[in-house]
Participant: 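Before anything else, here's the structure in question.
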Amino acid sequence: MKKRVRVRFAPSPTGPLHIGGVRTALYNYLFAKQYDGDFILRIEDTDQTRFVEGAEQFIYESLKWCGIEPDESPLHGGSYAPYRQSERKPIYKEYADQLIRTGKAYYAFDTPEELETVRKNWEAQRKMFIYNQETRSMLKNSLTLTPDEVKKKLQAGLDYVIRLKIEGKDDIVFHDLIRGEVRINKLQIDDKVLLKSDGMPTYHLANVVDDYLMRISHVIRGEEWLPSTPLHICLYEAFGWENEMPAFAHLPLLLKPSGKGKLSKRDGDQLGFPVFPLSWKDPQTGEISRGYREDGFLPEAFINFLALQGWNPGTEQEIFSLEELTKIFTLDKVHKAGAKFDIKKGIWFNEQYLRKTPHEKILPLLKAELSLNSWNLEDNKLLQAFDLMKERISFHKELFTKGKFLFVAPENYDWTTIKKKLNDKSITLLTKIHDNWSVIEKWEVFTLENVFKEIIEQYNEKIGNIMPLLRNALTGESVGPNLFEISVFLGKLEVSKRIISFIETLKHNFAYKI
RNA sequence: GCCCCGUUCGUCUAGAGGUUAGGACCCAAGAUUUUCAUUCUUGUAACAGGGGUUCGAUUCCCCUACGGGGUACCA
């Protein structure tokens, strides 16, 4: 029988989740769903010094917004609870003790200060210190001290850590689902701290123990973990779990647009685009960072974009729903090299989704934005406005800036264009259009256009001369959607008002010319 | 320093020995449009370098360069 697919996304709540993390979560989710497996969210909060208020909540909200909710998590529950590592503290101690008993790990009493001194000394000799099978004999631990001394120290309540005892000089070889065979010599691996002096496990211990206990079948994580994977394998072996070891897949990193370093939380919005899915307020400084949601990205577009950063289906299709992605996602199509993040493509995705997303999904977003502007409009009018503008905006909120004239009469006009087009016929024509339009019974595009064309024919005026003026009258701008459609949208009364107002302004400013 | 991973148009990438090296974004030009946008057409633009292996290498191997990651009682 094949092992059930169970994957986990295991962020630590030391700050807001950033888009690299979201992509890791996404790939885990896609992989799980494809195999009808489970997607687990585990909170790795073992570093009590770096705890950030609200960061955990931010993770839940972000995943929810993206539509990739976990099957099991601290919030959703599950049969392997608890899913928050701080609540599993006793478990790790038990497993660490087990390794002590079996001789696979040992106590170490070196204080952080002592180790720091050793490190400095080594550095002075231009060497890098690592705590490993070659150096541990010179340090203070249960391998160098007598059993009695160790016992005394423990009983005296001295601080200690538990370190993994790496043994042997052979290579650790494993097969990464994305990278193929990876090989590293055991001499390169240090005797990593498993249990910290505060009784909390380090990432390595907690991770391996939990992945084992939670029956994780595939570990899909960022490339920054690739170098410590051999260590994790040593841990599985130390526990005797080598047959239950999950498969590993290490994802390429999302890099800064410059390519210099991985995209990090700290980049904030200095780069000109959000690095967080949602906006985030730093509880310490009060500083607010932009989020994709608040910037106006549709979650479907955001996810689609993110999915294609580092993975592709091998076909030329680029637009995929989350569900489609779950059908075609494969780890072997994940690219190996890091991807320089380029927001331009992300904006393009949003434009695509803006045009194809059904009205009922767009409406709530538009209404929320409308209320911010304290404008009032019926739902169907709002959607009509959106349809008029949707092919010339990248984000739904731009309806209210680029399409402001659909909601309020223009306060200014584009004088540069007006001056070029204005002639001695202009006022007469505008007045005529106004008057003839005023008596139209069927206020629709076809009729308006016909009446308009009859007039310019009658007066032998060029369409390119009068149209910009009429457009300015109605919108205050010289470019935009079809003018007759705008007129229909605004309604006869409003159109009449705007034209009259514009004529008045012209008369006032250009009396000499007319 | 040491270890690991990587390197195809500016960017995201396809390519798994023989291709006019393909697509998308961006940019540019043209067509359509009252205008802008959309749409359509076209264009610019890439195999890091050097050695092998081979009849033939972007593709396989090695070296170099460059980039990224790791090297904590952080994850």
Participant: Go through residues 450-473 of chain A and report each residue with a non-hydrogen atom lying under 4.0 Å from RNA chain B, sorted by number.
Facilitator: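 Those residues whose heavy atoms fall under 4.0 Å from RNA chain B, taken from residues 450-473 of chain A in numerical order, are A:M467, A:R471.
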Participant: Can you check the A:L17 CG to B:A75 C1' distance for me, whole Å?
Facilitator: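 About 13 Å, once rounded to whole Å.
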Participant: Expressed as a whole number of Å, how far does the P atom of B:A16 sit from that of B:U59?
Facilitator: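 That atom pair is separated by 13 Å.
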Participant: Return each pair, listed once, that meets salt bridge (Lys or Arg N to Asp or Glu O under 4.0 Å) where at least one residue sits in residues 451-474 of chain A; pairs must be two or more places apart or across chains.
Facilitator: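 Applying salt bridge (Lys or Arg N to Asp or Glu O under 4.0 Å) to every pair that reaches into residues 451-474 of chain A, excluding sequence neighbours, yields A:E449-A:K453.
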Participant: Which residues pass the ring pair (Phe, Tyr, Trp, His ring centres under 6.0 Å) test with A:F129, sequence neighbours left out?
Facilitator: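 For A:F129, the residues satisfying ring pair (Phe, Tyr, Trp, His ring centres under 6.0 Å) (neighbours in sequence not counted) are A:W122.
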Participant: Classify the nucleic acid contact of A:G480 as base, sugar-phosphate or nothing, counting any heavy atom under 4.0 Å across all strands shown.
Facilitator: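 A:G480: base contact, heavy atoms under 4.0 Å.
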Participant: Can you figure out which of B:C12, B:G69, B:C73 approaches the side chain of A:L115 most closely?
Facilitator: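 Closest nucleotide to the A:L115 side chain: B:C73.
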Participant: Going from CH2 on A:W437 to CG on A:L430, what distance comes out if it is rounded to the nearest 0.5 angstrom?
Facilitator: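 Those atoms lie 10.0 Å apart.
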Participant: Quick check on B:G70: is either OP1 or OP2 less than 4.0 Å from any side-chain nitrogen or oxygen of A:K262?
Facilitator: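 Yes, A:K262 has a side-chain N/O under 4.0 Å of OP1/OP2 on B:G70.
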Participant: Charged N to carboxylate O under 4.0 angstrom, A:D110 versus A:K140?
Facilitator: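 The answer is no: the pair does not qualify as a salt bridge.
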Participant: Just jot down the ring pair (Phe, Tyr, Trp, His ring centres under 6.0 Å) partners of A:Y60, sequence neighbours excluded, or say none.
Facilitator: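 So A:Y60 forms no ring pair (Phe, Tyr, Trp, His ring centres under 6.0 Å) with any residue.
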Participant: At 4.0 Å (heavy atoms only), tell me whether A:N482 reaches a base, stays on the sugar-phosphate, or touches nothing.
Facilitator: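 If one applies the 4.0 Å heavy-atom cut-off, A:N482 turns out to touch a base.
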Participant: Contact class for A:K333 (heavy atom, under 4.0 Å): base, sugar-phosphate, or nothing?
Facilitator: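 The residue A:K333 makes sugar-phosphate contact but no base contact.
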Participant: Using the benzene-type ring in the case of Trp, are the ring centres of A:W280 and A:F58 under 6.0 Å apart?
Facilitator: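 Yes, close enough.
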Participant: Determine the Euclidean distance between corresponding C1' atoms of B:G67 and B:G30; express it in Å to zero decimal places.
Facilitator: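 Here B:G30 and B:G67 have their C1' atoms 40 Å from each other.
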Participant: Please report the distance, rounded to the nearest Å, between OH in A:Y107 and P in B:C73.
Facilitator: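 Checked: the OH to P distance equals 19 Å.
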Participant: For A:R392 and B:U39, give me the distance from atom CZ to atom P, rounded to whole Å.
Facilitator: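 Interatomic distance, CZ of A:R392 to P of B:U39: 12 Å.
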Participant: Within the structure shown, what part of the strands sits under 4.0 Å from A:L483 by heavy-atom distance: base, sugar-phosphate, or nothing?
Facilitator: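 The answer is base, as A:L483 lies within the cut-off (heavy atoms under 4.0 Å) of a base atom.
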Participant: Can you tell me which nucleotide in B:A75, B:G68, B:U13 comes closest to the side chain of A:K196?
Facilitator: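 So the side chain of A:K196 is nearest to B:A75.
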Participant: Under 3.5 Å for both donor-acceptor distances, Watson-Crick or wobble: does B:C66 have a partner, and if so which one?
Facilitator: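 When the pairing criteria are applied, B:G6 turns out to be the nucleotide that pairs with B:C66.
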Participant: Using whole Å, what does the distance between atom P of nucleotide B:U11 and atom NZ of A:K260 come to?
Facilitator: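 Checked: the NZ to P distance equals 12 Å.
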Participant: Where do N or O atoms of nucleotides 24-27 of chain B meet protein N or O atoms at under 3.5 Å, pair by pair?
Facilitator:
residue : atom : partner : partner atom : Å
B:A24   : O4'  : A:E318  : OE1          : 3.2
B:A24   : O2'  : A:E318  : OE1          : 2.5
B:A24   : O2'  : A:K345  : NZ           : 3.0
B:A24   : N3   : A:K345  : NZ           : 3.1
B:C25   : OP1  : A:W348  : NE1          : 3.4

Participant: Using Watson-Crick or G-U wobble geometry with both distances below 3.5 Å, tell me the partner of B:C55, or none.
Facilitator: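 Matched B:C55 with B:G18 under the 3.5 Å cut-off.
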Participant: If you look only at pairs with a residue in residues 176-185 of chain A, which of them pass as a salt bridge (Lys or Arg N to Asp or Glu O under 4.0 Å), with sequence neighbours excluded?
Facilitator: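 Qualifying pairs: A:D171-A:R183, A:R179-A:E223, A:E181-A:R183.
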Participant: Of the listed nucleotides (B:G67, B:U38, B:A75), which one gets closest to any side-chain atom of A:E391?
Facilitator: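 It is B:U38.
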Participant: For A:T447 and A:N450, test the side chains for any donor-to-acceptor distance below 3.5 angstrom and give the result as yes or no.
Facilitator: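 Side-chain D/A pair, A:T447 to A:N450: absent.
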Participant: With a 4.0 Å cut-off on heavy atoms, is A:K390 in touch with a base, just the backbone sugar-phosphate, or nothing at all?
Facilitator: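 Touches nothing.
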Participant: Can you tell me which residue pairs pass the side chain to side chain donor-acceptor pair (under 3.5 Å) test with a partner in residues 334-346 of chain A, sequence neighbours excluded?
Facilitator: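 For residues 334-346 of chain A: A:E318-A:K345.
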Participant: Has A:T46 got a side-chain N or O lying under 4.0 Å from the OP1 or OP2 atom of B:A75?
Facilitator: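 Checking B:A75 against A:T46, a side-chain N or O does come within under 4.0 Å of OP1 or OP2.
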Participant: List every contact pair, protein side and nucleotides 29-33 of chain B side both N or O, where the distance is under 3.5 Å.
Facilitator:
none

Participant: Output all residues satisfying ring pair (Phe, Tyr, Trp, His ring centres under 6.0 Å) with A:W225, sequence neighbours left out; order by chain, then residue number.
Facilitator: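 A:W225 satisfies ring pair (Phe, Tyr, Trp, His ring centres under 6.0 Å) with A:Y203 only.
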Participant: Checking contacts here: which listed nucleotide (B:G68, B:A75, B:A14) is nearest the side-chain heavy atoms of A:E44?
Facilitator: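 Minimum distance to the A:E44 side chain belongs to B:A75.
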Participant: Under the 6.0 Å and 45° cation-pi test, does A:K356 pair with A:Y353?
Facilitator: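 Checked: cation-pi criterion met.
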Participant: Taking N or O atoms only and anything under 3.5 Å, show me the protein contacts with nucleotides 3-7 of chain B, one pair per line.
Facilitator:
residue : atom : partner : partner atom : Å
B:C3    : O4'  : A:Q188  : OE1          : 3.4
B:C5    : O2'  : A:R179  : NH1          : 2.4
B:C5    : O2'  : A:E223  : OE2          : 3.3

Participant: Using a 4.0 Å heavy-atom cut-off across all strands, classify A:G310 as base, sugar-phosphate, or nothing.
Facilitator: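 The residue A:G310 makes sugar-phosphate contact but no base contact.
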Participant: Is the cationic atom of A:K153 (NZ for Lys, CZ for Arg) positioned less than 6.0 Å from the six-membered ring centroid of A:F109 and within 45 degrees of its normal?
Facilitator: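 The answer is yes; both the distance and angle limits are met.
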Participant: Please name all residues satisfying ring pair (Phe, Tyr, Trp, His ring centres under 6.0 Å) with A:F320, sequence neighbours left out, ordered by chain then number.
Facilitator: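 Applying ring pair (Phe, Tyr, Trp, His ring centres under 6.0 Å) to A:F320 gives none.
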Participant: Please identify each residue that fulfils side-chain contact (heavy atoms from CB on, under 4.5 Å) with A:S12, with sequence neighbours left out.
Facilitator: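 A:S12 satisfies side-chain contact (heavy atoms from CB on, under 4.5 Å) with A:T14, A:E44 once adjacent residues are dropped.
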